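This report concerns only the one structure given below.
Naming: A, B, ... by sequence-line order, numbering from 1 per chain. A quick note: this is a predicted structure, and the numbers were derived from the prediction, not measured.
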2 protein chains.
Amino acid sequence: MSIRYALLSLLAREPLSGYDIKQQMNDRFGPFWKVGSNQVYPELAKMEGEGLVKLQGIEQQANRPARKLYEITEAGRDALIQWTLESGELERIRDDFLLKAYNIWLVDPERMIGRLEEIKRQHEERLAAYEKKVAELETMLTTADSRDPIAATISVVEFGIRYERLYMDWCDRLIKKM
Amino acid sequence: MSIRYALLSLLAREPLSGYDIKQQMNDRFGPFWKVGSNQVYPELAKMEGEGLVKLQGIEQQANRPARKLYEITEAGRDALIQWTLESGELERIRDDFLLKAYNIWLVDPERMIGRLEEIKRQHEERLAAYEKKVAELETMLTTADSRDPIAATISVVEFGIRYERLYMDWCDRLIKKM
DNA sequence: GTAGACATGTAACGCGTTACATGATTGT
DNA sequence: ACAATCATGTAACGCGTTACATGTCTAC
């Protein structure tokens with residue numbers, strides 16, 4: 001039930017094809033969300049049937065496969081707004097490595113330190129990607145308005161930046177304790 | 001493939017019944033992991049077949065249903081250690097509210113502030129629960145040894161504490177920006 | 001007598017992941 | 001010739017969630 005709103009969140013900003021949506025999810029927001037084409041295409045069709053999106057037209061560029069461009073409808077925007085304001089239960093932090101950390105007492109300290117350093121490095125990479133992304137987005141930001149979609153994107157990526165720093169810090173503390 | 005290791009992580013510390021495992025997961029570690037009985041019982045049976053756990057015995061207390069106590073085997077402990085040290089891809093931060101934040105530009109600021117305050121309160125509750133848990137665990141900690149399973153549990157819960165603080169802080173910043 | 005904890009399971013459903021299928025064009 | 005990108009889809013599988021089924025005992 002959530003992928004639906006992920007698609008709507010993107011379509012609320014601009015008309016897109018199924019392929020575009022998949023790209024934006026997996027390339028730009030890979031570390032946050034991911035979708036497979038098996039989810040995108042059927043879900044778009046389903047939402048079209050429910051009147052949440054509609055086919056804006058089929059773009060046919062020379063020597064290129066046809067692109068089916070979808071746009072959000074009034075009803076789709078309303079559904080998205082309602083979902084955004086809806087309350088729900090808090091999510092779990094389901095990170096496998098946290099479960100692995102639960103077993104540090106079992107394993108060889110030397111090898112665990114190696115793993116922790118590797119994890120830290122991976123989070124450092126993500127951090128760098130997020131920071132680059134924010135810098136890029138800030139140049140696009142003309143108004144300091146909270147109604148600007150780019151400002152919303154920056155806020156989300158900033159969460160990511162803080163999260164990665166927290167993770168790296170936690171790894172450091174664990175390494176010291178080993 | 002991950003629930004299996006969650007069960008083994010608990011069984012590596014003490015023999016437990018399926019019911020115990022479910023309770024520990026959902027009560028103590030609810031915000032981190034959760035399992036249903038449908039996953040616990042069949043998985044235990046499967047792991048018994050594979051020799052990762054074995055039935056220690058059936059505890060029959062007066063006027064109580066029989067409890068099937070499982071203990072981890074040598075092979076189970078080895079599998080758990082191997083998994084703990086294994087590399088893998090980084091997890092995604094799949095939190096629905098982050099996706100909702102992506103749509104703040106669409107919604108009424110007043111109502112969004114209300115939602116943000118609600119979310120903050122929920123995370124504050126979790127934070128309090130984590131802090132209580134750590135205080136409780138620290139009294140159980142006799143040795144300052146990294147080989148103590150309780151120290152490992154504390155480290156994981158401490159991640160939770162830092163995460164909840166980060167989330168609350170992020171909510172505050174969003175509220176100010178609205 | 002009715003609700004809730006204890007205890008073990010099964011059934012049904014939906015979501016997400018990986019892989020497959022098709023087909024054109026561009027670059028090496 | 002071969003791989004990669006663009007573009008739309010389908011199939012198969014596994015995991016996780018909710019709900020159901022069964023039965024005893026304790027507390028109100």
Side-chain angles (χ1 to χ4, degrees), chain A residues 1-7 15-27 29-49 53 55-70 83 88-96 99, chain B residues 1-8 15-49 53 55-70 83 88-96 99:
Chain A
M1 269 293 161
S2 178
I3 259 74
R4 141 159 317 193
Y5 295 107
L7 305 194
L16 295 165
S17 70
Y19 191 81
D20 290 335
I21 289 171
K22 206 191 143 196
Q23 295 303 102
Q24 288 206 17
M25 288 269 179
N26 297 350
D27 297 348
F29 298 106
F32 287 108
W33 307 289
K34 205 185 175 184
V35 280
S37 46
N38 54 347
Q39 290 181 277
V40 175
Y41 296 114
E43 192 63 36
L44 276 172
K46 219 160 91 188
M47 289 199 288
E48 199 190 358
V53 300
L55 197 60
Q56 198 196 38
I58 294 175
E59 195 187 276
Q60 185 59 268
Q61 285 181 334
N63 302 331
R64 277 283 167 80
R67 285 160 47 79
K68 291 168 78 173
L69 277 176
Y70 289 92
W83 175 76
E89 268 192 43
L90 248 52
E91 305 278 329
R92 265 155 249 301
I93 315 169
R94 32 174 149 174
D95 183 310
D96 268 12
L99 186 54
Chain B
M1 272 296 162
S2 178
I3 259 74
R4 142 159 316 194
Y5 295 107
L7 305 194
L8 286 177
L16 295 165
S17 71
Y19 190 80
D20 291 334
I21 289 171
K22 206 192 145 196
Q23 294 304 100
Q24 289 206 14
M25 287 269 179
N26 298 350
D27 298 347
R28 294 180 210 277
F29 298 108
F32 287 107
W33 308 288
K34 206 184 174 184
V35 279
S37 46
N38 54 350
Q39 290 182 276
V40 174
Y41 296 113
E43 191 64 35
L44 277 173
K46 219 160 88 185
M47 288 199 290
E48 200 191 355
V53 299
L55 197 60
Q56 199 195 35
I58 295 174
E59 192 186 277
Q60 185 58 268
Q61 284 180 335
N63 302 331
R64 276 281 170 77
R67 286 160 46 80
K68 291 168 79 174
L69 278 176
Y70 289 93
W83 174 75
E89 266 191 46
L90 249 50
E91 305 280 327
R92 269 156 247 300
I93 316 171
R94 34 173 146 175
D95 182 309
D96 269 11
L99 186 55

Worksheet item: Of all heavy-atom pairs between B/L7 and B/M25, which one has the smallest distance, and what is that distance?
Response: N-CE, 4.2 Å
Item to complete: Give a yes/no answer on whether the side chain of A/S17 brings an N or O atom under 4.0 Å of OP1 or OP2 in D/dT8.
Response: yes
Item to complete: Compare side-chain N and O positions of A/S37 against OP1 and OP2 of D/dA7 and report whether any pair is under 4.0 Å apart.
Response: no
Response to the item:
One should read off an interatomic distance between A/L44 CG and A/K68 NZ, to the nearest 0.5 angstrom, of 8.5 Å
Fill in: Between D/dT17 (P) and A/E89 (CD): distance, integer Å
11 Å
Worksheet item: For A/R67 and D/dC6, what is the distance between atoms CZ and P respectively, to the nearest whole Å?
Response: 10 Å
Worksheet entry | Side-chain N,O (B/K22) to OP1/OP2 (C/dA7) below 4.0 Å | no
Practice prompt. Find the distance between CD1 (A/I3) and CH2 (A/W33) and round it off to the nearest 0.5 Å.
Written response: 11.0 Å
Discussion item. What's the closest nucleotide to the side chain of B/Y19 if the choices are C/dT17, C/dA5, C/dT10?
Written reply: C/dA5
Practice prompt. Using heavy atoms to find the nearest nucleotide of DNA chain C for B/D20 and B/R92 separately, return the residue whose nucleotide is more 5′.
Written response: B/D20
Item to complete: Measure the distance from CD on B/E91 to P on D/dG16 and round it to the nearest whole Å.
Response: 11 Å
Worksheet item: Given atom OH of B/Y41 and atom P of D/dG16, what is their separation to the nearest angstrom?
Response: 17 Å
Fill in: Whole-Å gap separating P (C/dC15) and CD1 (A/I3)
8 Å
Worksheet entry | Rounded distance in Å - CG (A/N38) to P (D/dA12) | 13 Å
Worksheet, complete the sentence: Atom NZ of A/K46 and atom C1' of C/dG14 are separated, to the nearest Å, by 9 Å
Worksheet, complete the sentence: Here the pair of heavy atoms bringing B/R94 nearest to A/E91 is O-OE1, 3.7 Å
Worksheet item: Atom CG of B/N26 and atom P of C/dA7: how far apart are they, to the nearest Å?
Response: 15 Å
